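First up is the structure itself, then whatever we jot down about it.
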Amino acid sequence: MQRQEQLRQRLQRVRERVAAAADRVNRRPDDIMLVAVSKTHPAEIIREAIAAGVTDLGENRVQEADAKIAEVGRGSIRWHLIGHLQSNKARRAVELFDVIHSVDSAALAQRLDRVCGEVDREELPVLIQIDLGKESTKSGAAQSELPEIVDAIKRSRIVRLQGLMTLPPYFDDPEEARPFFRRLRELRDELSARGAFGDAGGELSMGMTHDYEVAIEEGATMVRVGTAVFGERNP
């Protein structure tokens, strides 16, 4: 019970900080989705997080999520794939996840659409991951590839473009990540002006435990927070 109470307290602190960051820029906290990143945490702790009020869970790896979703179940939980998706894992990802944040090529978008048709999935919301930091260790499409990927999704029957995602370089000072968040917002706004998201404004998945408050100030609509919710990860 002590561990569950600690989790509730951490979750409450995160929500308070989300609300404070939103208030600083005259935004509504309810417009910001907290995706609790549960990678490396076992099903038992994930159940406690759900009992504490978590509704959206983020996983990095298809194989790890496969075992957890089988154990935890779905219910009212939305499962988000936030890590790099290899093409050969596309089918299982389509079967497991409610939202995929990490589409990084036109070919992957096309494959996801084909697989959705094969497994009779009616709709798959996706975000395009953009590598704004140009780091060799991180996935994501270059800005120059964005139009091609958007066009591929536009031609899709089942895959729907929901927004953009980025993972900026790590800085000791979160303020240094601000230009990357701002640039993603600008890209989203340009796409939105061209109707890329239909009637919606387009989601911005950006910000993690270290810098989610800055991301919210720059327009994040989804923040992917792990350590601040679950505590330090298991090895």
Side-chain angles (χ1 to χ4, degrees), residues 6-7 9-22 24-25 27 29 31-41 45-46 49 52-61 64-65 68 77-85 97-104 126-141 162-185 187-188 202-235:
Q6 289 174 341
L7 196 154
Q9 290 174 0
R10 286 194 297 265
L11 185 61
Q12 180 61 29
R13 282 196 295 270
V14 170
R15 286 176 170 156
E16 288 171 356
R17 291 172 67 179
V18 166
R24 286 194 292 273
V25 289
R27 298 183 61 202
D31 292 337
I32 300 155
M33 177 187 293
L34 172 61
V35 179
V37 179
S38 49
K39 65 179 184 181
T40 77
H41 294 290
I45 293 176
I46 293 173
V54 166
T55 58
D56 292 84
L57 289 162
E59 287 285 332
N60 269 44
R61 295 182 174 87
E64 182 181 343
K68 288 182 185 178
I77 298 303
R78 289 182 295 264
W79 291 88
H80 301 246
L81 178 62
I82 61 173
H84 177 62
L85 176 58
F97 292 99
D98 298 289
V99 187
I100 294 176
H101 291 229
S102 49
V103 171
D104 58 5
V126 304
L127 291 85
I128 300 172
Q129 181 177 357
I130 307 297
D131 177 22
L132 296 176
K134 300 179 181 178
E135 296 178 280
S136 60
T137 56
K138 291 178 181 173
S139 302
Q162 190 171 25
L164 303 179
M165 185 266 259
T166 198
L167 180 62
Y170 178 88
F171 299 101
D172 289 333
D173 180 1
E175 278 294 326
E176 294 187 53
R178 189 180 294 275
F180 296 91
F181 298 142
R182 184 173 297 151
R183 180 57 184 150
L184 194 74
R185 172 167 50 84
L187 290 170
R188 188 277 313 271
E203 303 285 357
L204 287 174
S205 172
M206 57 189 196
M208 299 170 68
T209 288
H210 183 60
D211 53 18
Y212 68 87
E213 290 160 292
V214 174
I216 289 169
E217 291 172 358
E218 290 299 330
T221 62
M222 296 174 162
V223 291
R224 311 180 306 272
V225 181
T227 304
V229 172
F230 289 101
E232 294 298 325
R233 295 192 198 111
N234 295 324

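From a predicted model like this one, the values you see are computed outputs, not experimental measurements.
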Measure the spacing between CG of D172 and NE2 of H210 and express it to the nearest 0.5 Å. 6.0 Å

Which residues satisfy the side-chain contact (heavy atoms from CB on, under 4.5 Å) test with D98, sequence neighbours excluded? R74, R78, W79

Taking the side chain as everything from C-beta on, heavy atoms only, tell me whether I216 gets closer than 4.5 Å to R24. no

Compare all side-chain heavy atoms of V99 with those of L127 and state whether any distance is below 4.5 angstrom. yes

Results of salt bridge (Lys or Arg N to Asp or Glu O under 4.0 Å) for E16 - residues two or more places apart only: none

Please round to the nearest 0.5 Å and tell me the distance separating atom CZ of F97 and atom CD1 of I82. 9.0 Å

Report yes if some heavy atom in the side chain of V18 is under 4.5 Å from a heavy atom in the side chain of V225; otherwise report no. no

Non-hydrogen atoms of L7 and A49 that approach each other most closely: CD2-CA, 3.7 Å

How long is the straight-line distance from CD of Q129 back to CD1 of I100, given to the nearest 0.5 Å? 12.0 Å

Listed partners of F230 passing ring-ring contact (aromatic ring centres under 6.0 Å, His included), at least two apart: H41

Can you measure from CG (L167) to CG (L184) and round to the nearest 0.5 angstrom? 11.5 Å

Which pairs with one or both residues in residues 173-183 pass side chain to side chain donor-acceptor pair (under 3.5 Å), sequence neighbours excluded? Q143-R183, E175-R178, R178-E217, R178-E218, R182-E218, R183-E186

Provide the full list of salt bridge (Lys or Arg N to Asp or Glu O under 4.0 Å) pairs with a residue in residues 127-140, sequence neighbours left out, each pair given once. E135-K138

Measure the shortest side-chain to side-chain distance between S102 and L81 over non-hydrogen atoms and say whether it is less than 4.5 angstrom. yes

Shortest non-hydrogen pair, F181 vs A215, comes out as CD1-CA, 3.6 Å

My understanding is that only residues two or more places apart in sequence, or in another chain, count here; which of them pass side-chain contact (heavy atoms from CB on, under 4.5 Å) with V35? M33, D56, H80

By side-chain hydrogen bond (donor to acceptor under 3.5 Å, both in side chains) - contacts of E59 (at least two apart): S38, K68

Between I77 and V54, what is the shortest heavy-atom contact and its length? CD1-O, 3.4 Å

Between R224 (side chain only) and S205 (backbone N and O only), is there a donor and an acceptor less than 3.5 Å apart? yes

Set of ring-ring contact (aromatic ring centres under 6.0 Å, His included) partners for H84, sequence neighbours left out: none

Answer yes if the side chains of T221 and E203 hold a donor-acceptor pair under 3.5 Å, and no otherwise. yes

Please answer whether the main-chain N or O of M206 pairs with a side-chain N or O of T166 as donor and acceptor at a distance below 3.5 Å. no

By salt bridge (Lys or Arg N to Asp or Glu O under 4.0 Å), which residues pair with R17, not counting sequence neighbours? E213

Closest non-hydrogen atoms of P168 and D211, given as atom of the first, atom of the second and distance, are CG-OD2, 4.1 Å

So, taking the atom named CD1 in I128 and the one named NE2 in H101, what distance separates them when rounded to the nearest 0.5 Å? 13.5 Å

For R13, give me all partners under salt bridge (Lys or Arg N to Asp or Glu O under 4.0 Å), at least two apart in sequence or on another chain. none

Within the structure provided, determine whether I32 and L34 are in side-chain contact (heavy-atom separation under 4.5 Å). no

Excluding sequence neighbours, so at least two apart, what forms side-chain hydrogen bond (donor to acceptor under 3.5 Å, both in side chains) with R188? none

